[in-house]
Structure formats: C-alpha cells, structure tokens
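Numbered from 1 within each chain, the chains take letters A, B, ... in sequence-line order.
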Number of protein chains: 2
Amino acid sequence: MTVDAFAVLAEPSRRRILERLRHAESSVGDLVDALGMSQPAVSKHLRVLREAGFVTVRTAAQQRIYRIDVRPLRAVDDWLGPYRRLWADHLDALERHLDRQE
Amino acid sequence: MTVDAFAVLAEPSRRRILERLRHAESSVGDLVDALGMSQPAVSKHLRVLREAGFVTVRTAAQQRIYRIDVRPLRAVDDWLGPYRRLWADHLDALERHLDRQE
DNA sequence: GGTTCATATGACTGTCAAGGAATACGGGGG
DNA sequence: CCCCCGTATTCCTTGACAGTCATATGAACC
C-alpha cells in the first residue's frame with residue numbers, strides 16, 4: 001500500500017472497475033467488455049489497483065480473475081472519520097436550533 | 001461541484017489544507033506558515049478546493065478567511081456507502097464463523 | 001511442439017497539473 | 001494620493017500519467 005489510495009481513486013475508469021468488482025469478481029476480458037475500453041488500458045488500471053491493494057488476482061486456466069479487496073477503502077473510510085464528526089456536530093447544532101424554535 | 005472530488009483529494013497538499021481547516025478557519029498566510037509552502041501554491045490549491053466546493057471564503061479586511069465545507073466530503077462518504085456494506089458483510093460472516101467455533 | 005487464447009508489458013505520444021518566479025490587484029493606513 | 005500588505009493570477013517549465021499500437025508471455029489444446 002505504498003501508493004496513495006486517493007490518487008488511485010482519482011481515475012474514473014478505476015472507480016468503474018471497482019464498481020464492477022463490487023458486484024462480482026471478473027476476468028480481464030469481462031471488464032474490457034463491460035467498460036468498453038481497450039484491453040491494455042484495463043490491464044494497466046488493474047495493475048495500479050493491484051499494487052495499491054484494491055484488488056487481488058487469481059489465475060484460472062488462461063484467465064486472471066480479479067477480486068476486490070476492501071482494505072484500502074476502509075483506509076479511506078478511516079480518513080473520513082474526523083470529518084464525519086464535523087457534519088454530525090452540525091446536525092446536532094441544527095437539531096438544537098430546531099428544538100429551540102418550537 | 002463540476003470537478004471530481006476524488007481528483008481534488010488526490011493532492012496531498014490539499015488534504016493537508018483540509019486537515020488544517022478542519023480544526024479552524026484560516027487566512028492564506030496562516031496556511032502558508034503552517035504548511036511551509038509558497039503563497040502562490042497555497043492560493044492555487046485553495047482555488048481548486050473552492051471551485052470543488054470543499055471550502056468557502058470570506059473577506060476580512062485585506063485577508064481572505066477560508067473555511068471548510070463538508071458537503072463534498074459527504075459525497076465521498078456516500079460513494080463509500082455500498083462498499084462499506086461489503087466489509088460489514090464480511091464481518092458478519094466472520095462473527096458467524098467464530099460463533100460456530102464455540 | 002506449434003498454435004491459439006487471455007493477459008501483460010514496452011515504447012511512444014499527448015495531455016494536464018503542480019510548482020516557482022514575477023507580477024497584478026485591491027483594500028487600508030499614512 | 002501613494003504605498004504596503006495580503007492574496008490572486010499569469011507565464012513558464014517539468015514531471016506524471018493515460019491511451020494506443022505493437023509485441024511478449026504463458027497456459028491450454030491439438
């Protein structure tokens with residue numbers, strides 16, 4: 001996970017790949033068909049995702065089956081933690097405000 | 001918010017700015033001192049953050065006071081939603097597994 | 001063992017964003 | 001009114017990255 005998770009997610013195509021892998025693991029060819037982009041492009045994005053820990057690979061005959069790994073996403077989720085508190089506090093303040101209105 | 005929130009967050013310096021603004025609103029000069037980078041660099045990052053909705057500006061005399069706005073972060077949080085389910089399910093499965101072990 | 005299928009990789013090109021230096025802008029104080 | 005302070009903007013250079021095309025790898029099948 002030496003790579004920056006946010007930088008990896010900055011690429012829309014990579015998010016689309018993750019979106020697809022969220023529902024089911026897929027071979028490279030499946031992704032090529034589903035996303036309508038060239039095979040080398042897909043393979044390169046998969047490499048980036050793999051090196052950042054977002055996906056794992058398994059070899060099945062002549063295919064490589066990619067599967068999502070949620071750990072980097074949990075890291076992003078953790079990063080959001082303190083900020084989440086921010087809008088929770090705002091909601092609390094809003095509620096108090098509305099209570100006072102009554 | 002026409003800009004991609006993930007692309008904005010991909011820049012470490014911008015995350016550092018947000019981290020700082022999470023605790024307190026700041027003038028540009030404050031951020032320059034705190035982050036140890038050039039004033040133009042900070043101003044440019046603030047512009048990106050502003051155009052993506054991450055921060056708002058207020059003018060106080062000759063200073064511009066920047067304040068965090070959590071809405072784009074909530075969008076990121078929402079994006080994570082479906083994936084969060086993924087590892088919640090995994091945790092459930094683990095619990096069931098451990099229960100069966102007893 | 002050579003061919004075919006699925007995928008990875010390399011070389012190359014175009015694009016875009018970040019950083020620095022210099023400069024413009026705009027309000028405030030003398 | 002001129003100057004100064006804080007900040008924004010412009011120009012320029014440089015580096016990173018995505019996409020394409022072509023080719024390499026490697027397993028399976030005949």
Side-chain angles (χ1 to χ4, degrees), chain A residues 1-21 23-69 72 76, chain B residues 1-21 24-69 72 76 79:
Chain A
M1 243 204 293
T2 47
V3 198
D4 184 353
F6 283 102
V8 174
L9 294 178
E11 248 300 318
S13 307
R14 285 196 284 265
R15 291 205 298 275
R16 295 212 299 146
I17 291 179
L18 285 181
E19 201 68 20
R20 197 97 205 308
L21 293 181
H23 298 102
E25 50 180 29
S26 310
S27 71
V28 178
D30 288 348
L31 293 170
V32 169
D33 295 346
L35 309 183
M37 61 176 136
S38 79
Q39 177 266 315
V42 171
S43 280
K44 285 178 188 177
H45 283 308
L46 285 171
R47 181 192 176 116
V48 174
L49 287 168
R50 177 163 32 92
E51 290 179 343
F54 284 89
V55 298
T56 56
V57 210
R58 161 172 54 100
T59 302
Q62 60 278 48
Q63 305 191 0
R64 310 290 178 93
I65 309 296
Y66 282 84
R67 184 192 186 91
I68 197 172
D69 187 334
V76 172
Chain B
M1 242 204 294
T2 47
V3 198
D4 184 352
F6 284 102
V8 173
L9 294 178
E11 248 300 320
S13 307
R14 285 196 284 265
R15 291 205 299 274
R16 295 212 299 145
I17 291 179
L18 285 181
E19 201 68 21
R20 197 100 204 308
L21 293 181
E25 49 180 29
S26 310
S27 71
V28 177
D30 288 347
L31 293 169
V32 169
D33 294 347
L35 309 182
M37 59 177 135
S38 79
Q39 178 266 315
V42 171
S43 281
K44 287 177 192 172
H45 284 307
L46 285 172
R47 180 192 178 118
V48 174
L49 287 167
R50 178 162 32 91
E51 289 179 343
F54 284 89
V55 298
T56 57
V57 211
R58 159 171 55 99
T59 302
Q62 61 278 46
Q63 305 191 1
R64 311 289 179 93
I65 308 297
Y66 281 84
R67 184 193 186 91
I68 197 172
D69 186 336
V76 172
W79 181 87

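The two atoms that bring A/Pro72 and A/Ala52 nearest to each other are CG-O, 3.5 Å, heavy atoms only. Here the shortest heavy-atom pairing between A/Ile68 and A/Leu21 reads CG2-O, 3.9 Å. In terms of heavy atoms, B/Asp69 sits closest to B/Gly53 at CB-O, 3.4 Å. Closest approach of A/Ala60 to A/Ile65, counting heavy atoms only: CB-CG1, 3.9 Å.
Within residues 8-21 of chain B, the residues having any heavy atom closer than 4.0 Å to DNA chain C are, in order of number, B/Glu11, B/Ser13, B/Arg14. Taking every heavy atom of residues 27-42 of chain A and every atom of DNA chain D, pairs under 4.0 Å involve A/Ser38, A/Pro40, by number.
The CD atom of B/Gln62 sits 7 Å away from the P atom of C/dG28 (whole-angstrom rounding). One interatomic measurement links the two molecules: CG of A/Leu46 to P of D/dC17, which rounds to 17 Å at whole-angstrom precision. Rounded to whole angstrom, the span from the NZ atom of A/Lys44 across to the P atom of C/dT13 amounts to 14 Å. Summarising the geometry, the separation between CZ on A/Arg58 and P on C/dT7 is reported as 12 Å, rounded to the nearest angstrom. Spacing between atom CG of A/Leu49 and atom C1' of C/dA8 amounts to 15 Å, rounded to whole angstrom units. When rounded to the nearest whole Å, the span between CZ of B/Arg50 and P of D/dT7 equals 13 Å.
Checking D/dG6, C/dA6, C/dG10 against the side-chain heavy atoms of A/Gln63 singles out C/dA6 as nearest. The B/Tyr66 side chain lies nearest to D/dA8 when the options are C/dG19, D/dA8, C/dA6.
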Item to check | CA sep, side-chain torsions, deciding dist, call: B/Glu51, B/Arg47, salt bridge (charged side-chain N to carboxylate O under 4.0 Å, His left out) | outcome: CA-CA 6 Å; B/Glu51 289 179 343; B/Arg47 180 192 178 118; 3.2 Å; yes
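Side-chain contact between A/Ser13 and A/Leu35 is absent, with no heavy-atom pair separated by less than 4.5 Å. Side chains of A/Leu9 and B/Trp79 form a contact here, defined as non-hydrogen atoms less than 4.5 Å apart.
Considering only side-chain N and O atoms, B/Arg47 lies nowhere under 4.0 angstrom from the phosphate OP1 or OP2 of D/dA8. Taking only side-chain nitrogens and oxygens, B/Arg64 never comes nearer than 4.0 Å to OP1 or OP2 of D/dG6. Contact annotation: B/His45 side-chain N/O to C/dG19 OP1/OP2 distance is under 4.0 Å.
Atom-to-atom distance recorded for B/Lys44:NZ and B/Glu11:CD is 12.0 Å, nearest 0.5 angstrom.
Place A/Ala7 and A/Ala60 on DNA chain D by their nearest nucleotides, and A/Ala7 ends up nearer the 5' end.
None of B/Val48, B/Leu46, B/Leu18, B/Val3 except one satisfies the side chain to side chain contact (heavy atoms under 4.5 Å, CB included) rule with B/Phe54; the exception is B/Leu18.
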